[in-house]
Amino acid sequence: KALHEQGFVAALPVLTKTGSEYFEDQECFILVRGLKGNPLSKADRFGINRVRFAEQYGRSIARLHKALKAIQKDILPDEVDLYKNVMEWALPDVKRQNSQWNMGLAESFFSDFAAAFGALYDKLPKQLIHRDPNPGNILFDGGEVSGFIDFDLSEVNIRLWDVCYCATGILSEGSAEANEKWLEILGGILNGYDLEGRLTHEEKQAVFYVICSILMICIAFFTGQGKYREQAKTNCRMLQFIVQNKEKIKNIF
């Protein structure tokens with residue numbers, strides 16, 4: 001219902017004959033309406049209209065956050081300390097891999113991350129977020145974002161996670177040739193969100209560190225799962241690219 005109020009297609013319940021939203025007998029049954037739309041194709045995400053589509057991703061995530069914030073206190077979601085998770089688990093794991101596999105990350109990267117992101121973290125707005133708004137979970141219809149799916153990972157976290165996660169999801173599908181286009185896409189997503197939801201000064205400063213957090217978490221998780229070794233390698237390459245383009249990312253705003 002909160003999504004519907006923000007203009008998204010939503011799985012609203014089909015009322016029973018008595019006007020109830022669900023039917024309860026020995027079990028509870030809910031009939032919901034199907035969602036119209038499909039994820040945007042990779043060709044469109046990296047195509048000539050990539051910045052316009054990127055801004056739509058950003059605007060829609062800001063509207064999604066308004067919907068999620070409206071229901072946050074009604075569903076008692078888990079709350080996550082991203083900085084703690086990265087510092088106690090993901091970063092040490094990536095640091096070991098960096099040494100073992102010669103990933104090329106300077107020691108200064110890890111110390112800068114700990115100090116700079118640590119100084120910003122407590123100032124970043126936190127709320128109920130989607131947590132997994134990769135491009136496959138964002139629906140388009142008629143060239144516009146129509147809705148979101150797959151809320152099973154939702155939690156209270158920094159809202160900037162969703163914005164950056166959408167961007168890293170697009171980066172993971174790109175090629176070496178598409179990387180420069182991705183920097184434009186990242187700028188479009190951030191600017192789109194800023195137009196609709198107003199990023200704070202601290203959020204703008206933290207974009208680089210949140211993207212690095214996402215990638216380090218993915219590297220640590222995938223490395224621990226034997227069948228996901230290729231995904232771990234992909235995220236290692238992405239992290240190297242992000243670190244190499246730190247100044248470009250920090251100068252988007």
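Residue numbers count from 1 along this sequence. Treat the numbers as computed from the prediction; the structure is a model and nothing was measured.
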**Student:** Using a strict 4.0 Å threshold on nitrogen-to-oxygen distance, state whether Arg198 and Glu203 make a salt bridge.
**Tutor:**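 Looking at Arg198 and Glu203, the cut-off is not met.
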**Student:** Hydrophobic clusters join Ile, Leu, Val, Met, Phe, Trp and Tyr when side-chain heavy atoms are under 4.5 Å apart, directly or via other members; which others share one with Leu195?
**Tutor:**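 None, because no other hydrophobic side chain comes under 4.5 Å of this residue.
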**Student:** Do the side chains of Lys246 and Asp112 get close enough for a salt bridge, i.e. N-O under 4.0 angstrom?
**Tutor:**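 Looking at Lys246 and Asp112, the cut-off is met.
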**Student:** Determine whether the side chains of Asn137 and His130 contain a donor N or O and an acceptor N or O closer than 3.5 Å.
**Tutor:**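 His130 and Asn137 do not have a side-chain donor-acceptor pair below 3.5 Å.
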**Student:** Using the ring pair (Phe, Tyr, Trp, His ring centres under 6.0 Å) criterion, which residues pair with Phe253? Sequence neighbours excluded.
**Tutor:**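 Here no residue qualifies.
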**Student:** Tell me every residue that passes side-chain hydrogen bond (donor to acceptor under 3.5 Å, both in side chains) with Gln127, counting only those two or more places apart in sequence or in another chain.
**Tutor:**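 Partners of Gln127 under the side-chain hydrogen bond (donor to acceptor under 3.5 Å, both in side chains) test: none.
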**Student:** Run the salt-bridge test on Glu196 and Lys66 with the 4.0 Å N-O cut-off and return the result as yes or no.
**Tutor:**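 Here Glu196 pairs with Lys66 in a salt bridge, since their nearest N and O are under 4.0 Å apart.
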**Student:** Can you name the residues that form a ring pair (Phe, Tyr, Trp, His ring centres under 6.0 Å) with Tyr57, not counting sequence neighbours?
**Tutor:**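 Per chain and number, Tyr57 pairs via ring pair (Phe, Tyr, Trp, His ring centres under 6.0 Å) with Phe140.
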**Student:** Do Asn235 and Gln231 have side-chain N/O donor and acceptor atoms under 3.5 Å apart?
**Tutor:**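 Their side chains do not contain a donor-acceptor pair, so the 3.5 Å distance test is not met.
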**Student:** Is there a side-chain contact between Arg159 and Pro125 (heavy atoms, below 4.5 Å)?
**Tutor:**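 Sidechains of Pro125 and Arg159: in contact.
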**Student:** Does Arg50 come within less than 4.0 Å of Glu55, counting only side-chain N to carboxylate O?
**Tutor:**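 Answer for the salt bridge query: no.
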**Student:** Between Thr18 and Ser20, does any side-chain donor sit less than 3.5 Å from a side-chain acceptor?
**Tutor:**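 No.
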**Student:** Sort and list the pairs that fulfil ring-ring contact (aromatic ring centres under 6.0 Å, His included) and have at least one residue in residues 6-41, not counting sequence neighbours.
**Tutor:**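 For residues 6-41: Phe8-Phe148.
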**Student:** Hey, could you give me each pair passing side-chain hydrogen bond (donor to acceptor under 3.5 Å, both in side chains) that has a residue in residues 99-108? Not counting sequence neighbours.
**Tutor:**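 Checked against side-chain hydrogen bond (donor to acceptor under 3.5 Å, both in side chains) - neighbours excluded - the pairs reaching residues 99-108 are Lys95-Glu107.
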**Student:** Using links of under 4.5 Å between side-chain heavy atoms of ILVMFWY residues, direct or through other members, which residues join Leu15 in one cluster?
**Tutor:**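 Under the 4.5 Å side-chain rule, Leu15 groups with nothing.
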**Student:** Nearest heavy-atom pair of Arg131 and Asp162: which atoms, and what distance?
**Tutor:**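 So the minimum-distance heavy-atom pair works out to N-OD1, 2.9 Å.
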**Student:** Would you name the heavy atoms of Ser146 and Gly37 that are closest together and state the gap between them?
**Tutor:**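 Where Ser146 meets Gly37 most closely, the heavy atoms are OG-CA, 4.0 Å.
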**Student:** Could you check whether any side-chain heavy atom of Arg52 comes within less than 4.5 Å of a side-chain heavy atom of Asn49, counting everything from C-beta outward?
**Tutor:**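 Yes, close enough: below the 4.5 Å cut-off.
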**Student:** Just jot down the side-chain hydrogen bond (donor to acceptor under 3.5 Å, both in side chains) partners of Arg229, sequence neighbours excluded, or say none.
**Tutor:**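 Arg229: no side-chain hydrogen bond (donor to acceptor under 3.5 Å, both in side chains) contacts found.
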**Student:** For atom CD1 of Ile48, is the number of surrounding heavy atoms from other residues, nucleotides or ligands below 6.0 Å larger than 12?
**Tutor:**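 No, CD1 of Ile48 has 12 or fewer neighbouring heavy atoms, counting only those of other groups under 6.0 Å.
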**Student:** Measure the spacing between CG of Leu105 and SG of Cys236 and express it to the nearest 0.5 Å.
**Tutor:**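 The SG atom of Cys236 is 8.0 Å from CG of Leu105, to the nearest 0.5 Å.
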**Student:** Which pairs count as side-chain hydrogen bond (donor to acceptor under 3.5 Å, both in side chains) when at least one residue sits in residues 32-47, sequence neighbours excluded?
**Tutor:**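 Qualifying pairs: Ser41-Asp44, Arg45-Glu173.
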**Student:** How about NZ on Lys204, more than 12 heavy atoms from neighbouring residues, nucleotides or ligands closer than 6.0 Å, or not?
**Tutor:**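 Atom NZ in Lys204 is crowded, with more than 12 foreign heavy atoms closer than 6.0 Å.
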**Student:** Holding to side-chain hydrogen bond (donor to acceptor under 3.5 Å, both in side chains), I want the full list of residues that pass it with Tyr165, two or more places apart in sequence or in another chain.
**Tutor:**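 Partners of Tyr165 by the side-chain hydrogen bond (donor to acceptor under 3.5 Å, both in side chains) criterion, ordered by chain and then number, come out as Asp132.
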**Student:** Counting only N and O atoms by type, is there a donor-acceptor contact under 3.5 Å from the side chain of Asn134 to the main-chain atoms of Cys166?
**Tutor:**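 No: the side chain of Asn134 does not pair with the backbone of Cys166.
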**Student:** Quick one: side-chain hydrogen bond (donor to acceptor under 3.5 Å, both in side chains) partners of Arg63, sequence neighbours excluded?
**Tutor:**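 Arg63: no side-chain hydrogen bond (donor to acceptor under 3.5 Å, both in side chains) contacts found.
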**Student:** Can you sort out the partners of Phe113 under ring pair (Phe, Tyr, Trp, His ring centres under 6.0 Å), two or more places apart, ordered by chain and number?
**Tutor:**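 Counting only residues at least two positions away or on another chain, Phe113 forms a ring pair (Phe, Tyr, Trp, His ring centres under 6.0 Å) with Phe117.
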